[in-house]
Amino acid sequence: MTGTTHHSKAHPLRLQPVAYDHPDAQRLTQALHREQASLYGFADDPTATPISYFRVPNGLFLVARRGSTAVGCGGIRQLASRTAEIKRMYVVPEARGTGAGQAILRALEDAAQRRGVMRIILETGSRNRSALALYDEAGYAQVESYVTGRDPQINRALSKTLQGR
């Protein structure tokens with residue numbers, strides 16, 4: 001994947017594969033961390049996530065740009081031959097509602113499907129209404145947590161079966 005373009009009124013959205021330790025990926029995942037910590041009083045440290053999770057061929061990390069500005073990100077890592085996990089999905093507040101989240105999610109699903117993945121899982125927070133709405137609209141359903149020790153009052157595990165596109 002070299003870069004996918006999604007158009008808006010102002011600037012087209014470009015999706016660019018980057019390494020998880022790329023400066024824009026770090027800045028965006030730290031912004032996600034700060035937002036989660038402000039909502040819940042704690043959050044998973046994005047620097048604790050191994051860079052290898054998102055290395056091709058078993059992973060992918062995307063940064064979404066409008067013009068030269070990085071406005072969102074998200075990654076996928078393969079967990080098993082037919083299952084992958086989406087992690088670190090984030091769109092800066094000023095770019096929410098512009099389709100950036102949908103474009104990142106769709107690109108990650110497409111990349112997973114090209115690798116033979118049939119099921120995608122992810123986690124989000126119970127207070128993250130915009131993420132819950134995005135995933136609901138995209139066909140994700142709540143499932144039992146797949147991460148040991150998660151609080152079901154805070155964490156929402158979601159899953160989607162990929163269909164042929």
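All values derive from a computational prediction rather than experimental measurement.
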Checklist entry - Any link between M118 and L108 through a network of hydrophobic side chains (Ile, Leu, Val, Met, Phe, Trp, Tyr) touching at under 4.5 Å? => result no
Checklist entry - Are Y135 and V143 in one and the same hydrophobic cluster, where Ile, Leu, Val, Met, Phe, Trp and Tyr link if side-chain heavy atoms are under 4.5 Å apart? => result no
Item to check | Steps toward side-chain contact (heavy atoms from CB on, under 4.5 Å) verdict (S130, N128) | outcome: CA-CA 6 Å; S130 59; N128 192 339; 3.3 Å; yes
Next on the checklist: Has Q102 got a side-chain atom pairing as donor or acceptor with G97's backbone, closer than 3.5 angstrom?
Outcome noted: no
Checklist entry - Does E35 offer a backbone N or O that forms a donor-acceptor pair with the side chain of S38 under 3.5 Å? => result yes
I'd like to check [X] versus [Y] (side-chain heavy atoms, cut-off strictly below 4.5 Å). Are they in contact?
X: R27; Y: V63; value: no
X: I76; Y: F54; value: no
X: K160; Y: I86; value: no
X: T124; Y: M89; value: no
X: N155; Y: S126; value: no
X: L162; Y: R119; value: no
X: P17; Y: F61; value: no
X: T49; Y: Y20; value: yes

Interatomic spacing from [atom1] in [X] to [atom2] in [Y] - rounded to 0.5 Å:
X: S159; Y: E144; atom1: OG; atom2: CD; value: 12.0 Å
X: L158; Y: L122; atom1: CG; atom2: CG; value: 5.0 Å
X: E109; Y: L105; atom1: CD; atom2: CG; value: 4.0 Å

For [X] versus [Y], what's the shortest heavy-atom pair and its separation?
X: L13; Y: A103; answer: CD2-CB, 3.6 Å
X: G116; Y: R82; answer: O-NH1, 2.8 Å
X: A112; Y: A84; answer: CB-CB, 4.5 Å
X: A19; Y: A25; answer: O-CB, 3.8 Å

Checklist entry - By side-chain contact (heavy atoms from CB on, under 4.5 Å), which residues pair with E85, not counting sequence neighbours? => result R77, L79, K87, I121, Y146
Checklist entry - Under the side chain to side chain donor-acceptor pair (under 3.5 Å) criterion, do S145 and R156 qualify, and how do the steps go? => result CA-CA 7 Å; S145 180; R156 294 289 183 268; over 6 Å; no
Checklist entry - V91 pairs by side-chain contact (heavy atoms from CB on, under 4.5 Å) with which of L28, L134, I104? => result I104
Item to check | P46 and its side-chain contact (heavy atoms from CB on, under 4.5 Å) partner, picked from Q36, Q26, Q30 | outcome: Q30
Next on the checklist: Using the rule given for side-chain contact (heavy atoms from CB on, under 4.5 Å), can you reason through R88 versus L32, listing the C-alpha separation, both sets of side-chain angles and the distance that settles it, and then say yes or no?
Outcome noted: CA-CA 8 Å; R88 306 288 181 243; L32 168 63; 4.1 Å; yes
Checklist entry - Using a side-chain heavy atom cutoff under 4.5 Å and only I, L, V, M, F, W and Y, what cluster partners does F42 have? => result L39, Y40, I154
Checklist entry - Are D110 and R106 within salt-bridge range, i.e. N to O under 4.0 Å? => result yes
Next on the checklist: Is there a side-chain contact (heavy atoms from CB on, under 4.5 Å) between D24 and C73? Walk through the geometry before answering.
Outcome noted: CA-CA 9 Å; D24 287 331; C73 65; over 6 Å; no
Checklist entry - Within a radius of less than 6.0 Å around CD of E94, do more than 12 heavy atoms belonging to other residues, nucleotides or ligands occur? => result yes
Checklist entry - With a 3.5 Å cut-off and no angle check, do the side chains of Q78 and R115 form a donor-acceptor pair? => result no
